[in-house]
> 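Quick one: structure below, then a few questions.
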Amino acid sequence: MGPIEFSDLRPHLVRGAVIIVDASLDLLDVGEAVARDDKARVAAWIEAGLLGKPSLETIAAWEKATTSAWTALVVQPFVLLREGLTAQTN
């Protein structure tokens, strides 16, 4: 889990593997639910609008932005993405 640049994000966007995680959710909790294939929790978050794929308009805005900060968590085959950098604790 860590920061990611748009250039590194692009190939994952092309293959449709990026999932935006709402700031109200803990990125690690979402990653664990996805990894464990917890369909009920993931479906509830999607239904509530807390998880979803970026729209073409969002991607276009990201491409044009001069400064952007995202935190990403890779849970193969997905890249979970939160706008804004999240402080990490070790």
Side-chain angles (χ1 to χ4, degrees):
M1 183 169 98
I4 190 168
E5 299 289 328
F6 186 79
S7 59
D8 296 323
L9 193 57
R10 187 184 315 265
H12 304 290
L13 288 164
V14 169
R15 65 183 181 87
V18 174
I19 299 172
I20 299 173
V21 178
D22 189 84
S24 66
L25 298 176
D26 182 276
L27 195 56
L28 291 175
D29 286 344
V30 174
E32 181 179 8
V34 170
R36 293 181 184 267
D37 198 23
D38 188 338
K39 291 178 175 81
R41 283 179 78 193
V42 172
W45 290 327
I46 292 170
E47 182 70 26
L50 301 174
L51 287 182
K53 297 208 175 190
S55 67
L56 293 176
E57 293 80 17
T58 298
I59 295 169
W62 290 348
E63 282 184 301
K64 292 177 186 172
T66 56
T67 59
S68 294
W70 300 282
T71 299
L73 175 63
V74 176
V75 181
Q76 287 290 349
F78 302 107
V79 176
L80 305 178
L81 186 71
R82 167 168 295 137
E83 289 193 71
L85 293 175
T86 303
Q88 290 183 344
T89 55
N90 292 337

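Please read these numbers as outputs of a predicted model, since none were measured by experiment. Excluded from the calculations below are hydrogen atoms, water molecules and symmetry mates; all remaining heavy atoms, backbone and side chain alike, are included.
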> Can you tell me how far apart CG (Leu50) and CD1 (Ile20) are? Round to the nearest 0.5 Å.
12.0 Å
> What class does the angle between the rings of Phe6 and Trp70 fall in, given that below 30° is parallel, 30 to 60° is tilted and above 60° is perpendicular?
tilted
> Does anything in residues 38-54 form a salt bridge (Lys or Arg N to Asp or Glu O under 4.0 Å)? List the pairs, not counting sequence neighbours.
Asp37-Lys39
> Any heavy-atom pair between the side chains of Val18 and Pro54 that's under 4.5 Å?
yes
> Please name the pair of heavy atoms, one in Ala17 and one in Pro77, separated by the smallest distance, quoted to 0.1 Å.
CB-O, 3.3 Å
> Measuring from Thr71:OG1 to Glu83:CD, what's the distance to the nearest 0.5 Å?
10.5 Å
> Going by salt bridge (Lys or Arg N to Asp or Glu O under 4.0 Å), name the pairs with one or both residues in residues 13-32, residues two or more places apart or in two chains.
Glu32-Arg36
> To the nearest 0.5 Å, what is the distance between CG on Leu81 and CG on Leu51?
11.5 Å
> Hey, does Val42 have a side-chain heavy atom less than 4.5 Å from the side chain of Val34?
yes
> Any chance you could measure Leu73, atom CG, to Leu27, atom CG, to the nearest 0.5 Å?
5.0 Å
> Distance from Asp8 atom CG to Leu13 atom CG, nearest 0.5 Å?
11.0 Å
> Any side-chain heavy-atom pair from Val21 and Trp45 closer than 4.5 angstrom?
no
